[in-house]
Amino acid sequence: MACEEPSKIVNIPSIVQELVTCVQEPPSQYVVPEQNRPDMACYEMPDPIPIIDLSRLPAPGNSSDEVDKMQSALKNWGLFLAVGHGIEPSFLGEVMKVTREFYKLPQEEKQKYSNLVDGQEFRMEGYGNDIVVSEKQTLDWSDRLYLVVEPESRRIYSMWPAHPPSFRDILCEYTVRCREIASLVLRHLAKMLDLHEDYFVEMIEEDAITYARFNYYPPCPKPDQVLGLKPHTDATVITVVFIDDNVSGLQVEKNGVWYKVPIVPNALLVNTGDAMEILSNGFFKSPVHRAVTNAEQDRVSLVMFYTADPESELEPVPELVDKKRPARYRKIKTKDYLTKLFETFAEGTLVIDTMKI
């Protein structure tokens with residue numbers, strides 16, 4: 001989510017969708033060390049993630065059972081499943097359809113949007129895999145398409161797929177609809193902290209960048225040996241995720257235990273990110289999560305990452321710091337935090353841990 005300039009890479013990662021057609025088992029660079037492998041009998045949620053009906057929320061600042069449920073969910077899990085969000089199931093179906101249709105395109109068509117410049121240098125936007133920085137790095141069993149969607153002036157339409165033909169219009173509409181959801185939730189989070197209603201909303205406007213990430217997780221012949229996406233947190237103020245309705249795979253960590261995130265048809269997953277954890281001085285947590293694979297079915301998801309202005313400083317909100325609760329995180333520029341995030345993600349560590357005082 002950070003790198004504007006292409007960067008040198010150690011090697012060119014394979015397209016997993018192609019790789020899976022010609023291997024009986026995952027190559028060694030994808031095999032996760034035994035102690036970190038996914039438990040296929042992962043725990044169900046002990047207390048299911050609350051399902052928040054956004055249509056029942058009162059005006060920000062007013063109390064209600066739904067607001068209390070949201071606050072509890074974000075303090076305990078860092079995420080919740082949103083229904084009543086106003087996006088019609090038929091439109092969500094169109095979003096899922098164009099995502100799958102893109103990944104069904106011939107490889108030479110998808111490669112037109114490659115995130116490798118001249119086949120040699122890595123850039124964040126485009127189709128392919130995440131950056132490879134070390135020969136020892138364990139690779140993820142997934143492919144992705146990464147696009148800047150906001151502000152409009154930052155869009156590089158040449159990187160947006162021309163096929164399926166409706167891709168651009170649907171992504172533009174989905175971007176508008178998701179921003180409404182993100183803004184609504186952020187207004188409530190601000191009031192929970194006794195801040196001005198638009199405090200966090202203003203942080204994701206103007207020069208702030210929103211990224212869309214279309215994930216594709218192919219089936220794996222030995223899903224217990226790989227991860228679709230290694231454990232990580234998001235660098236965001238807030239994240240909105242459209243999860244595949246048909247195949248589960250997202251898991252969240254709490255107190256050292258991994259739990260499955262359940263499938264709720266037409267729900268969107270909302271989670272707070274590292275920026276919100278820092279801004280709130282630890283009141284809200286950025287959940288550690290990962291994606292697992294399975295042997296039978298592929299899986300897709302679409303993630304909207306709402307980040308602050310790259311030039312802005314990330315630090316605890318002054319109103320949330322006092323003698324009883326001193327600042328718990330160091331100050332850092334947003335763009336520098338994002339750069340560190342991608343470095344630590346490749347290494348399998350968490351950048352948020354390096355920011356704690």
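Predicted model only: the values in this text are computed from it and were never measured.
The shortest side-chain heavy-atom distance between Met355 and Lys331 does not fall under the 4.5 Å cut-off. Contact annotation: the side chain of Ile52 never approaches that of Leu81 to less than 4.5 Å [non-hydrogen atoms, C-beta and beyond]. When side chains are defined from C-beta on, His85 counts as touching Leu92, because their heavy atoms get closer than 4.5 Å. Side-chain contact between Val252 and Val288: absent, with no pair of heavy atoms (C-beta onward) separated by less than 4.5 Å. Proximity of Gln29 to Gln137: side-chain heavy atoms (C-beta onward) are nowhere separated by under 4.5 Å. Counting heavy atoms from C-beta outward, Val241 and Leu302 have side chains that stay 4.5 Å or more apart. Contact annotation: the side chain of Ile278 approaches that of Ile352 to within less than 4.5 Å [non-hydrogen atoms, C-beta and beyond].
At most 12 non-hydrogen atoms from other residues, nucleotides or ligands lie less than 6.0 angstrom from CD of Glu206. Counted within 6.0 Å of NZ on Lys356, heavy atoms from surrounding residues, nucleotides or ligands total more than 12; the atom is thus considered enclosed. Environment of CZ in Arg56: sparse, with no more than 12 heavy atoms of neighbouring residues, nucleotides or ligands closer than 6.0 Å. Environment of CG in Asp65: sparse, with no more than 12 heavy atoms of neighbouring residues, nucleotides or ligands closer than 6.0 Å.
Ring geometry, Tyr127 versus Phe102: the interplanar angle exceeds 60°, so the pair is classed perpendicular (tilted spans 30 to 60°). Taking the six-membered ring for Trp and thresholds of 30 and 60 degrees, Phe214 and Phe167 have ring planes inclined between 30 and 60 degrees apart. Classified by interplanar angle (parallel below 30°, tilted 30° to 60°, perpendicular above 60°), the ring pair His232/Phe345 is perpendicular.
Between the Arg100 side chain and the Val95 main chain, no donor and acceptor come within less than 3.5 Å of each other. Side-chain N or O atoms of Asn281 include none that pairs as donor or acceptor with a backbone N or O of Val317 at under 3.5 Å. A donor-acceptor distance shorter than 3.5 angstrom exists from the side chain of Asp143 to the backbone of Gln17, with no hydrogens or angles considered.
Tyr146 and Asn115 share no donor-acceptor pair across their side chains, judged by distance under 3.5 Å alone.
A cation-pi contact, defined as under 6.0 Å to the ring centre and within 45° of the axis, links Arg290 to Trp258. Note that Arg187 lies outside the cation-pi zone of Phe200, set by a 6.0 Å cut-off to the ring centre and a 45° limit from the axis.
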TODO: Run the numbers on Asp244 and Ser301 for side-chain hydrogen bond (donor to acceptor under 3.5 Å, both in side chains), then give the verdict.
DONE: CA-CA 6 Å; Asp244 196 317; Ser301 66; over 6 Å; no

